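Remember, it's a predicted structure, so these values are computed and weren't measured experimentally.
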Amino acid sequence: MSLHPFFNSSAGGGKSSKTPLPSKFTMADVKRLSNRTDTCLMVINNNVYDVTGFRMSHPGGEDILLRFVGTDATAAYKRVGHSRRAHEFLKQCYVGPLVQPDG
């Protein structure tokens with residue numbers, strides 16, 4: 001059984017945004033910096049992930065991933081019931097914490 005490219009170590013992960021990113025983010029930053037093509041950021045469990053390099057290889061399709069770009073996708077991510085490998089892969093996409101606007 002072959003694995004989906006998502007699970008291969010050579011598959012495109014996150015952190016491939018063309019836009020320089022800060023080390024911490026407000027929700028406004030996530031929305032402002034995400035443009036669905038060059039920079040695809042989303043929040044899951046108060047952490048910000050750059051899934052730009054993963055858009056085309058997401059097992060559920062690019063459309064479902066793009067639906068949550070620039071948003072807090074925590075509820076949707078949990079609702080799907082992602083695999084352990086998916087959780088591990090997500091760690092590679094981590095770019096910083098979500099902070100309050102004054103933090």
Exercise. Do Leu90 and Ile64 belong together in a cluster built from hydrophobic side chains that touch within less than 4.5 Å?
Worked result: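 Yes, Leu90 connects to Ile64 through the hydrophobic network.
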For this session: Check whether Met42 and Tyr94 end up in the same hydrophobic cluster, where Ile, Leu, Val, Met, Phe, Trp and Tyr are linked by side-chain heavy atoms less than 4.5 Å apart.
Result: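 Result: yes, single cluster for both.
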To the nearest 0.5 Å, tell me how far [X] [atom1] sits from [Y] [atom2].
X: Leu41; Y: Asp50; atom1: CG; atom2: CG; answer: 5.5 Å
X: His87; Y: Ile44; atom1: NE2; atom2: CD1; answer: 9.5 Å
X: Asp29; Y: Ser34; atom1: CG; atom2: OG; answer: 10.0 Å
X: Asn47; Y: Leu98; atom1: CG; atom2: CG; answer: 8.5 Å
X: Phe25; Y: Tyr49; atom1: CZ; atom2: OH; answer: 12.0 Å
X: Asp72; Y: Asn46; atom1: CG; atom2: CG; answer: 7.0 Å

Exercise. Would you call Glu88-Lys91 a salt bridge at under 4.0 Å N-O?
Worked result: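 Yes, charged N to carboxylate O under 4.0 Å.
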Exercise. Can you tell if the side chain of Phe68 reaches within under 4.5 Å of the side chain of Leu66, non-hydrogen atoms only?
Worked result: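 No, their side chains stay 4.5 Å or more apart.
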Exercise. Just wondering, do Met27 and Val43 contact through their side chains at under 4.5 Å, heavy atoms?
Worked result: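 Val43 reaches Met27 side chain to side chain.
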Exercise. Can you check whether Asn45's main-chain N or O pairs, donor with acceptor, with Thr74's side chain at less than 3.5 Å?
Worked result: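 Yes.
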For this session: For Cys40 and Thr52, work out which heavy atoms get closest and say how close.
Result: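 Taking every non-hydrogen atom into account, N-OG1, 2.8 Å.
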